[in-house]
Asks: 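If you scroll down you'll find the structure; I have some questions about it.
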Amino acid sequence: MKNSTDLLNDPYNAGNSKRILSTTEAFGLLRKELIENMGAKRIRGFLFRYGWRLGANDAAEAMKVSTSIDYLIKQASLLHLSTGHIRDIESERQIEKKDSQNIKSITAKGKWIDSFEGHQHINHHGLADHPVCHTLTGYASGYMSKVCNATIIVKETSCIGQGDDECIFEMKYEEDWGSEIQEELGYHHEKTIVEELEYTYEQLLEERNNMEKVSRFHKMLTESISNGSNLHDIASIVYKSLSIPVMIEDLSFQHIACSGMTDQQYEELNKDLKENLVEKNRIDNMLPLFKKTELVKTENQTRMITPIYVQKKIIGYCSFGYMEESLSSSDNDSMFIERAANAASLILLNEKTSFEALEELKGNFLEQILLGEWASKEEIVNRGRYMGIDFEDSYYIAVLDYEQALSVNRLKSHEEHLLETISKYLDIQGYEALIGRYDEYITMLLPATTKDKKQLIHLLEKLHDHLQSTFKTNVYKIGISNQSNNIAEATKFMEKALIALRVSDRRKVTAYEDLGILGVLINSENTKVIKEIAKKELGPLFQPDDPKCMELIKTLYVFLSNGGNLHQTMDDLSLSMSGLTYRKNKIEKLIDKDLRDPSQSYQLLLILDSLLALNELEI
């Protein structure tokens with residue numbers, strides 16, 4: 001009878017089972033070809049079972065020499081080393097025996113040193129996202145299962161093939177692992193060819209059914225678009241077909257259309273999603289841009305989000321919402337949502353083309369009104385009817401200005417995007433308006449028929465917030481005129497909106513009516529008088545071309561705006577108390593006024609506000 005030394009020294013004739021020799025490079029190439037042709041998941045099971053058979057065969061040969069448990073376990077490491085799979089092995093075992101030939105329980109932990117399988121996987125495939133030493137785990141599992149006459153599974157918990165420092169393994173009885181080895185048990189139980197064919201057939205049948213369903217879905221959407229459906233119709237069709245809530249939104253996840261949920265549900269889920277996305281994107285606190293279909297999970301929902309492209313640009317998103325336990329995303333849903341996004345893209349492309357043409361026409365018309373190029377009110381009213389706006393009704397003029405924090409010059413493309421965003425927002429809110437450029441400002445003529453002043457200001461505040469969240473590098477402010485019922489006076493009310501804009505403080509929207517007496521006093525006709533009063537009251541301090549004087553003017557304005565509060569002024573100007581006190585004393589000396597005198601302070605603040613409103617001063 002051969003002993004263990006004979007088995008190691010005669011690898012060709014190991015009992016009745018002949019051995020063949022191969023290099024690690026050759027096995028690595030075979031492994032690579034199998035993975036590429038059969039798929040990584042199936043090859044894991046193949047390699048595990050291959051290793052299992054090797055280990056079980058070596059155990060059977062060793063048991064011909066001795067059936068002693070101590071001997072067989074000692075031989076395990078030696079025989080594994082003889083395969084050339086590893087350079088060395090380190091392990092610790094805890095064994096509870098029934099007798100010298102039977103084991104009651106066994107657990108072990110250890111590491112394989114220089115796993116050929118780990119190195120070969122990296123050479124041919126790079127780093128994996130899971131342990132790759134399937135032959136090694138199979139060998140150890142097969143050997144110990146044969147020796148113990150029970151199913152023992154070895155699981156790799158750390159692997160050089162996935163970038164870890166070492167290949168670490170654990171060994172337990174199958175029942176001791178619990179649910180941790182479902183994948184390994186799947187490797188162990190080999191499917192027959194018939195089972196594989198049946199499984200493949202079922203998959204092909206399911207795939208064919210899915211493709212037919214997708215094809216019918218696509219045809220339904222295409223016919224709907226041909227019949228003139230809008231985005232609300234598309235959302236409704238998608239929900240009725242799939243029973244999955246669907247949302248169509250712009251880039252800032254502003255609602256355009258949805259189906260399958262109430263308005264309140266949408267608002268809550270939309271807020272939850274935005275907060276989650278901003279929190280995850282901690283770098284710049286902005287909403288991310290989704291360039292492909294992705295799943296986003298929060299505590300309250302799971303969303304499948306796919307981009308809507310128009311002319312190679314992402315202009316919005318189509319989302320499926322999974323809020324209930326009965327709903328869960330599947331791989332097939334991505335095919336449906338992408339076709340829904342394509343349908344939305346076609347509708348939006350058509351709307352964009354029509355919208356841009358109409359908005360350009362409206363913008364030019366507004367500019368002509370403000371420049372006084374129409375001969376009479378009647379001509380303006382008649383032309384307005386073609387655009388759906390009744391100029392017989394009252395209206396407001398609003399002016400929007402912004403500063404770009406990251407660039408000096410305003411890009412034309414950026415302003416066009418901004419104008420389009422404003423137009424889309426007001427359109428979604430159901431508000432008809434004329435929007436265009438006037439001088440360096442974005443101007444809006446807002447009919448007053450459906451909104452009172454408070455509602456209108458609230459709408460503009462929401463618009464301000466929407467722009468701020470969409471274009472975060474800009475700082476916005478809006479001025480709005482008082483109400484007019486004569487379209488021929490639009491230029492005059494444009495000037496009132498500009499006055500409100502120029503004297504705006506930290507408010508998002510400043511109304512001309514809220515300026516009080518300041519609004520009444522300021523207009524282009526008394527510019528000369530205001531400048532003369534300013535020169536007299538401010539004395540040597542009023543020198544717009546002198547930076548040092550302008551610094552003192554700014555200090556004076558902030559101090560007066562804060563009602564003489566030194567601490568608030570100190571914080572706003574980032575000055576020390578001594579520095580602020582020095583400036584205050586210097587200003588009082590130059591203009592020969594006591595800034596603690598309320599009447600003098602009010603008059604100075606009124607003068608500075610007037611200069612700002614007339615654009616005669618920049619602070």
Side-chain angles (χ1 to χ4, degrees), residues 362-363 365-374 377 380-381 384 389-402 422 426 431-461 463-464 476-531 533-534 557 561 605-619:
K362 286 182 177 181
F365 183 41
L366 176 59
E367 185 177 3
Q368 290 171 353
I369 292 173
L370 295 175
L371 291 174
E373 294 182 2
W374 290 89
K377 176 182 176 181
I380 298 175
V381 171
I389 297 177
D390 187 356
F391 287 112
E392 294 282 8
D393 294 324
S394 300
Y395 66 90
Y396 292 88
I397 298 285
V399 181
L400 181 143
D401 193 19
Y402 67 96
I422 294 170
L426 293 176
Y431 199 84
E432 291 289 342
L434 286 184
I435 304 166
R437 293 188 187 90
Y438 182 80
D439 200 6
E440 60 185 31
Y441 306 103
I442 292 176
T443 308
M444 295 167 274
L445 190 149
L446 305 164
T449 52
T450 57
K451 307 278 183 182
D452 62 26
K453 179 189 168 187
K454 288 184 179 179
Q455 289 177 310
L456 187 57
I457 289 178
H458 181 62
L459 173 70
L460 293 175
E461 287 174 341
L463 171 63
H464 176 282
Y476 303 91
K477 58 181 181 178
I478 300 173
I480 182 171
S481 71
N482 53 339
Q483 185 173 312
S484 172
N485 54 14
N486 186 355
I487 190 61
E489 296 180 341
T491 304
K492 183 191 299 184
F493 284 82
M494 168 74 180
E495 184 177 332
K496 292 182 178 182
L498 284 172
I499 290 172
L501 179 75
R502 289 169 186 159
V503 297
S504 61
D505 46 22
R506 294 184 179 88
R507 286 177 289 181
K508 300 172 185 177
V509 180
T510 302
Y512 177 79
E513 288 181 354
D514 294 339
L515 300 182
I517 191 172
L518 180 64
V520 177
L521 293 176
I522 301 171
N523 60 66
S524 57
E525 296 176 0
N526 58 21
T527 303
K528 184 177 179 181
V529 176
I530 290 174
K531 287 178 68 175
I533 294 174
Y557 182 74
S561 297
L605 182 59
L606 191 62
I607 291 170
L608 293 175
D609 277 333
S610 300
L611 292 173
L612 285 170
L614 294 171
N615 220 17
E616 295 292 332
L617 191 66
E618 291 186 7
I619 293 179

Asks: Hey, does the side chain of Y402 reach the backbone of Y441 with a donor-acceptor pair shorter than 3.5 angstrom?
Replies: no
Asks: Of the non-hydrogen atoms in L370 and A490, which two are nearest, and what is the gap between them?
Replies: CD2-O, 3.9 Å
Asks: Out of D401, I478, I422, which residue meets the side chain to side chain contact (heavy atoms under 4.5 Å, CB included) rule with I442?
Replies: I422
Asks: Using side chain to side chain contact (heavy atoms under 4.5 Å, CB included), reason through L463 and M444 one step at a time and then give a plain yes or no.
Replies: CA-CA 12 Å; L463 171 63; M444 295 167 274; 4.1 Å; yes
Asks: Could you check L605 against Y557 for side chain to side chain contact (heavy atoms under 4.5 Å, CB included), going step by step and ending with a plain yes or no?
Replies: CA-CA 7 Å; L605 182 59; Y557 182 74; 3.8 Å; yes
Asks: Shortest non-hydrogen contact from A433 to P447?
Replies: CA-CD, 4.3 Å
Asks: How many angstroms lie between CD in E392 and CD1 in I380, if you round to the nearest 0.5 Å?
Replies: 11.0 Å
Asks: Between CG of L460 and CG of L426, what distance do you get to the nearest 0.5 Å?
Replies: 7.5 Å
Asks: So I435 and L366, do their side chains get closer than 4.5 Å, heavy atoms only?
Replies: no
Asks: Run the side chain to side chain contact (heavy atoms under 4.5 Å, CB included) test on T510 and K477 for me, step by step, so that the C-alpha distance in whole Å, both residues' side-chain angles and the decisive distance to 0.1 Å come before the verdict.
Replies: CA-CA 8 Å; T510 302; K477 58 181 181 178; over 6 Å; no
Asks: If you compare all heavy atoms of N486 against all heavy atoms of Y395, which two are closest, and at what distance to 0.1 Å?
Replies: O-OH, 2.8 Å
Asks: Identify the two heavy atoms, one from L371 and one from Y438, that lie closest to each other, and give their separation to 0.1 Å.
Replies: CD2-CE1, 3.9 Å
Asks: What pair of heavy atoms forms the shortest contact from S481 to F493, and how long is it?
Replies: CB-O, 3.2 Å
Asks: If every non-hydrogen atom of A500 is compared with every non-hydrogen atom of A511, which pair is closest and at what distance?
Replies: CB-C, 4.0 Å
Asks: Tell me, do L459 and L446 make a side-chain contact under 4.5 Å, heavy atoms counted?
Replies: no
Asks: Hey, are the side chains of H458 and E461 touching, using non-hydrogen atoms and a 4.5 Å cut-off?
Replies: yes
Asks: Evaluate side chain to side chain contact (heavy atoms under 4.5 Å, CB included) for T443 paired with L434, printing each intermediate quantity in order.
Replies: CA-CA 8 Å; T443 308; L434 286 184; over 6 Å; no
Asks: Could you tell me how the ring of Y476 sits relative to the ring of H464: parallel (under 30°), tilted (30 to 60°) or perpendicular (over 60°)?
Replies: perpendicular
Asks: Atom CD1 of I480 and atom CD1 of I457: how far apart are they, to the nearest 0.5 Å?
Replies: 6.0 Å
Asks: Is there side-chain contact between K496 and I397, with heavy atoms separated by less than 4.5 Å?
Replies: no
